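For clarity, every value in this text was computed on a predicted model and none was experimentally measured. Sequence lines set the chain letters: A, B, ... in the order given, protein chains first and strands last, and positions in each chain run from 1.
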Amino acid sequence: MTGRPDGRPEPPLDKAYDPQPVEAKWSARWRAADLFHAEPGAGGKPFVVVIPPPNVTGALHVGHALDNALQDLLIRYQRMQGRPVCWIPGTDHGGIATQSVMEKQLKAEKLTRHALGREKFQARMQAWTKQCKSVILGQLERLGCALDWRREAFTMDEDRADSVFEAFKALWERGLVYRGERMVNWCVRCGTALSDIEVEFEERKGRLWHIHYPAADGSRGPVVATTRPETMLGDTAVAVNPKDARYRDLAGKKLRLPLAGREIPVVADDYVDSDFGTGALKVTPAHDPNDLEIGRRHGLASVTVIAPDGRMTEAAGAAYAGLSREAARDQVVADLQAAGLLEKTQEHPHSVGVCYRCNQPIEPLLSWQWFVRMEELAKPAMLALDSGRFRLYPGSWAKPYRDWLAQIKDWCISRQIWWGHRIPVWYCVGCHGERIKTDFHQVEGARGVLSRRQPESCPVCGGAEFVRDPDVLDTWFSSSLWPFSVFRWPARTPELKFFYPTSLLVTGYEILYLWVARMQMMGLALTGEVPFPEALIHGIVRDKHGKKMSKSLGNVVDPLVMMDKYGTDAFRFSLIVQAYPGKDIPFAESSITGSRNFANKLWNSTRFVLMNLAGTPAAALESVDRGRLELCDRWILDEYQRTLALVRERLNAYEPAAAAEALYRFLWDRFCDWYVELAKIRLQGSEEAARAAARAVLAAVLDGTLRLLHPFMPFITEELHAALAPCMGAAAKPGGFIVETGLPELAADWTDEEARREMGVVMEAVTALRSLRAQLGLPPGLAVRVVAAGGSAAARELLRKRSAYVKALVRAEALSYAEEGVRPPFSATAVAAGMSFFVPLEGLIDFGQERERLRKELVKVEAELAKISAKINNPDFLARAPAAEVELSRSQHDAARQRHDRLKDTLRMLSE
RNA sequence: GCCCAGUUGGCGCAGCGGUAGCGCGUUCCCUUGACAUGGGAAAGGUCAUAGGUUCAAAUCCUAUACUGGGCACCA
């Protein structure tokens, strides 16, 4: 340590916290020490979390940062409580989302996946995945995540493929997967079917076209209303409600379908709402789920006019075939208008189902797909919820979760894309004919053989030529197995035995049904256990105006930029401190600034303590004689103890924001603003025993605060702990890394109501005097004399003993006492803690102003007094409120009364 | 249409039965040996509206309005 020119020792830390080097250093050391690797079997019940695997679609966003900051917080917290922890890292192949990222890249190269072919496409996907994984894992490490890096998993690697096949097989054998022809949600852009939850509904501006359908005999027919005129080419009936008097004699008649020219019947069906539109409904069984039902009830034909690629088919007629559905709509409307059949057009906003990946309108299409029967799977999941074996935090999610399970529909799991687990079913060409090779999704009732590899021969016809189901599984299928596939289920590994079921899942509510519910169902169905007994469901990170972040809005915040600018700890803390249960987070940069400042405050309070420990290490708190501690020591220890309890309580209840806030306020408002300032009195004094006591308390409280803060801010606390430990002497806790030192615990009970009360008096007096100084505009450097008068004997005695506190904090050179009723001449007055404080200011004070100031003060106190008086004079209150409450109100009343009287007295004296 | 959540100082949020708090912002003063990423002081709210329960309501109940969200949808 080199000396400074002025002879004082060089401070042990820089003046401001510089996060970058600190983060790099500790990331590397944690990794090198393999600090968060867990082996099965050791040390009691483990705390296990599987990461919600990010899709390999690019870099992480702020939402991931929040999710992982919360997990890391809880992992480190549990670890510090002495539990073995295991947090599994990994990524998800991400199906459609990832494939469309690749397709965009191909498009930029003027390529398509079809031009490339399935195999080459796969190869490119693999390469991309590899690159993307390392970016994502790197970001997680940068965030400080205490992941067990040796256990990294990917939803599409070999081990996970075993799990997926086994799961599919188990469901197949139990008759829970089936291939069926259904009206599915088809995304024209993605070229695949989607499950119901992958469709989002958006309110969009639309129109309602009223079209006249003439009767076959040439007479006037009904007018139908539709939002999708292009589908009329596939109409096979018009339906009306049987009770609708307007159409009573129409049912059973034939109509001439405009543009197409064919005859279609009018059918009567209860489904039709007479009040909507014209009360006559065009029926297109091939392109609308409800129309399909009507068609089935009335034995109607089905004419497919829109192909899976979104273009019109031959069946739509020569004039339209090949047009996109949008172009066909315009053409149909124009043609109808030309034919004089378009009665009118209305604006008609309505909700449109769109693809959750690409936002394009969904096309309902009839096709053969794989489904999972969900009802049977949902029942155990509901039971787990009802019996408390599975709990959601916050509990407000339980109802929506349950409602969703109760009305669950079968899950379409086949996707017509190339990136994913291929469906392990093979079809014999001998049995199904050549068509199975080219027109797979239209082949009715195809029966496949379940196998991972091509079967030897067909069990029916003995043929040896097979085609594999070209489809892949929904990416969420493999995700739903994640809590046990990461431990290589179905293999009965030691990991599976020790780490499964996991302890907690942390994720956002946007995938509650998509993922959380399905993991519960699959876990219960395949392993017989709830995969995690608790789930912490957090909100979404939005922009500062509360809008969803999206690339198109340009309001996306890049976590790396934030970490570079403010440091990882500040970034994490700002997310956690806003993560109140059930709330979305409006993310403003100003909130990270606040956390950055907090980190710096922490840094500097350690810097201060270090400066005072250098050379003379602190004694352990336990070894300090309690009689050597003075008021502020007892007070801060009481506050500290409360904070420890509160933080633990909040974290155990999964309320991290409240825990973070408690720590923030303890460190800043209590420790720094009051305790450190008061400790300075002794530290700068000459009495060695007093200095030692202050050092011991400073060291103990700071050290514990650092450890308690570590799960929130891992890097800075590690750095500061490393700097502090060598200076702590006997007070140092054993352990290398801070996470190994455990959570702070108190050897003794430091509850101290008396210290709280007495510090309260000191703080009140100090605040009142500071306020007085500011209001009088006294320069901060000007030392004043304070004369106190009145108050209880106890309060006087307290202030006499603690006059050093008051003097130091209000920059007073003297604090003396006057007889009640004596007021030093030319003085300003503050009233607090039941007494008056006079500050003599001969020549500096304008009595007119001083009177005015005190009058304003009096108005406030009068209002307060009136309120509290009304309360304690209310007989009902006295009769019915609890005694303690009455007592409290009385003492409040007395305090207000005293304050009031003192102000009045002072004013009277000033007026004389 | 049904269900849920929210509505608290300029902005963002706590509090959820006993006299309204925090962060950011604003105003004033201060480069004093941890920290100007700091210290001190101040201004600013009839806690959406209307009823009700209670000795006492931001907090419980009931309506209403607005804002989000979920579910189901009538073309």
Inset, instruction - Answer whether the closest heavy-atom distance between the side chains of A:Pro656 and A:Arg650 falls below 4.5 Å. - result: no
Inset, instruction - For RNA chain B, find the residues of residues 666-686 of chain A with a heavy-atom distance under 4.0 Å and give them by number; none if there aren't any. - result: A:Trp668, A:Cys672, A:Asp673, A:Val676, A:Glu677, A:Lys680
Legend entry - Nearest-angstrom distance, C1' atom, B:rU27 to B:rC66: 34 Å
Inset, instruction - Answer yes or no: does a side-chain N or O of A:Lys409 lie under 4.0 Å from OP1 or OP2 of B:rA72? - result: yes
Legend entry - Distance between P atoms of B:rG6 and B:rA48 (Å, rounded): 12 Å
Legend entry - B:rG25 and B:rC11, which share atom name C1', separated by this distance in whole Å: 8 Å
Legend entry - B:rG38 phosphate, OP1 or OP2, under 4.0 Å from A:Asn597 side-chain N/O: yes
Legend entry - Euclidean distance for P, B:rG12 against B:rU64 (whole angstrom): 27 Å
Inset, instruction - Searching all strands shown, indicate the nucleotide that pairs with B:rC55 (Watson-Crick or G-U wobble; both distances under 3.5 Å). - result: B:rG18
Inset, instruction - Tell which nucleotide pairs with B:rA65, taking only Watson-Crick or G-U wobble pairs whose two distances are both under 3.5 angstrom. - result: B:rU7
Inset, instruction - Please work out if A:Lys282 contacts a base, only the sugar-phosphate, or nothing of the nucleic acid, heavy-atom cut-off 4.0 Å. - result: nothing
Inset, instruction - Nearest-nucleotide wise, let me know which of A:Glu203 and A:Lys15 is further upstream toward the 5' end of RNA chain B. - result: A:Lys15
Inset, instruction - Select from A:Ser771 and A:Val352 the residue whose nearest nucleotide in RNA chain B is closer to the 5' end of that strand. - result: A:Ser771
Legend entry - Between B:rG69 (P) and A:Glu510 (CD): distance, integer Å: 13 Å
Legend entry - Atom-pair distance (CG on A:Asn600; P on B:rG39), nearest Å: 10 Å
Legend entry - Proximal nucleotide (of B:rG23, B:rG39, B:rA75) relative to the A:His350 side chain: B:rA75
Legend entry - Complementary nucleotide of B:rA36, counting Watson-Crick and G-U pairs under 3.5 Å: none
Inset, instruction - Could you tell me which nucleotide pairs with B:rU26 by Watson-Crick or G-U wobble geometry, both distances under 3.5 Å, or answer none if nothing does? - result: B:rA42
Inset, instruction - Answer with base, sugar-phosphate or nothing: what part of the nucleic acid does A:Lys565 contact at a heavy-atom distance below 4.0 Å? - result: nothing
Legend entry - Nearest-0.5 Å distance, CG of residue A:Asp673 to CE of residue A:Met763: 9.0 Å
Inset, instruction - Check every strand shown and say whether A:Ser605 touches a base, only sugar-phosphate, or nothing at a heavy-atom separation below 4.0 Å. - result: base
Inset, instruction - For the residue pair A:Val224 and A:Leu281, establish whether any side-chain heavy-atom pair is separated by less than 4.5 Å. - result: no
Legend entry - Side-chain heavy atoms of A:Phe201 within contact of A:Val352, under 4.5 Å: no
Inset, instruction - Have a look at A:Arg770 and say if it touches a base, only the backbone sugar-phosphate, or nothing, with a 4.0 Å heavy-atom cut-off. - result: sugar-phosphate
Inset, instruction - Write down the distance between CD (A:Glu885) and P (B:rU54), rounded to a whole number of angstrom. - result: 19 Å
Inset, instruction - Could you check whether A:Leu281 gets within reach of a base, just the sugar-phosphate, or nothing at all, counting any heavy atom under 4.0 Å? - result: base
Inset, instruction - Report yes if the side chains of A:Glu857 and A:Val831 come closer than 4.5 Å at any heavy-atom pair, otherwise no. - result: no
Inset, instruction - Describe the nucleic acid contact of A:Thr593 in one word from base, sugar-phosphate, nothing, applying a heavy-atom distance below 4.0 Å. - result: nothing
Inset, instruction - Considering only atom P, compute the distance from B:rU7 to B:rA75 and round it to an integer number of Å. - result: 34 Å
Inset, instruction - Between B:rU32, B:rA34, B:rU19, spot the one nearest the side chain of A:Glu864, thanks. - result: B:rU19
Inset, instruction - Find the distance A:Leu720:CG to B:rC35:P and express it as a whole number of Å. - result: 15 Å
Legend entry - Gap between atoms CZ and P, on A:Arg607 and B:rU37 respectively (whole Å): 14 Å
Legend entry - Closest to the A:Asn874 side chain, choosing from B:rC29, B:rC55, B:rU19: B:rC55
Inset, instruction - Report yes if some heavy atom in the side chain of A:Leu553 is under 4.5 Å from a heavy atom in the side chain of A:Met549; otherwise report no. - result: no
Legend entry - Euclidean distance for P, B:rU37 against B:rU31 (whole angstrom): 16 Å
Inset, instruction - For A:Phe598 and B:rG39, give me the distance from atom CZ to atom P, rounded to whole Å. - result: 12 Å
Inset, instruction - For the pair A:Asp543 and A:Lys547, evaluate salt bridge (charged side-chain N to carboxylate O under 4.0 Å, His left out) and give the outcome as yes or no after the intermediate values. - result: CA-CA 5 Å; A:Asp543 77 0; A:Lys547 287 213 176 80; 5.9 Å; no
Inset, instruction - Name the nucleic acid region contacted by A:Arg665, choosing base, sugar-phosphate or nothing; use a 4.0 angstrom heavy-atom cut-off, strictly under. - result: sugar-phosphate
Inset, instruction - Indicate for each nucleotide in nucleotides 2-16 of chain B, in 5' to 3' sequence, whether protein heavy atoms under 4.0 Å reach the base (B), only the sugar-phosphate (S), or nothing (-). - result: -S--------SSS--
Inset, instruction - Under 4.0 Å between any heavy atoms, over every strand shown, what does A:Ala881 touch: base, sugar-phosphate, or nothing? Just pick one. - result: base
Legend entry - Euclidean distance, atom CZ of residue A:Phe571 to atom C1' of B:rU37 [Å, nearest integer]: 18 Å
Inset, instruction - Would you mind classifying the nucleic acid contact of A:Pro882 as base, sugar-phosphate or nothing, using non-hydrogen atoms under 4.0 angstrom? - result: base
Inset, instruction - Just jot down the side chain to side chain contact (heavy atoms under 4.5 Å, CB included) partners of A:Lys243, sequence neighbours excluded, or say none. - result: A:Asn241, A:Asp270
Inset, instruction - Would you indicate which nucleotide in B:rC24, B:rA43, B:rC55 comes nearest to any side-chain atom of A:Phe877? - result: B:rC55
Inset, instruction - Determine the interatomic distance between C1' on B:rG33 and the same-named atom on B:rC13; round to the nearest Å. - result: 38 Å
Legend entry - A:Phe276 ring center near A:His348 ring center (under 6.0 Å): yes
Legend entry - Atom pair CG (A:Leu575) and OG (A:Ser595), whose distance is rounded to the nearest 0.5 Å: 8.5 Å
Inset, instruction - Establish, yes or no, whether a centroid distance under 6.0 Å links the rings of A:Tyr566 and A:Phe571. - result: no
Legend entry - A:Glu200 versus A:Tyr356, side-chain donor and acceptor atoms under 3.5 Å: no
Inset, instruction - Rounded to whole angstrom, note down the P distance from B:rG21 over to B:rG15. - result: 15 Å
Inset, instruction - For A:Leu809 and B:rU32, give me the distance from atom CG to atom P, rounded to whole Å. - result: 18 Å
Inset, instruction - May I ask you to say what A:Tyr513 touches in the nucleic acid, namely base, sugar-phosphate or nothing, with a heavy-atom cut-off under 4.0 Å? - result: sugar-phosphate
Legend entry - A:Phe671 six-ring centre to A:Lys601 NZ/CZ under 6.0 Å and within 45° of normal: no
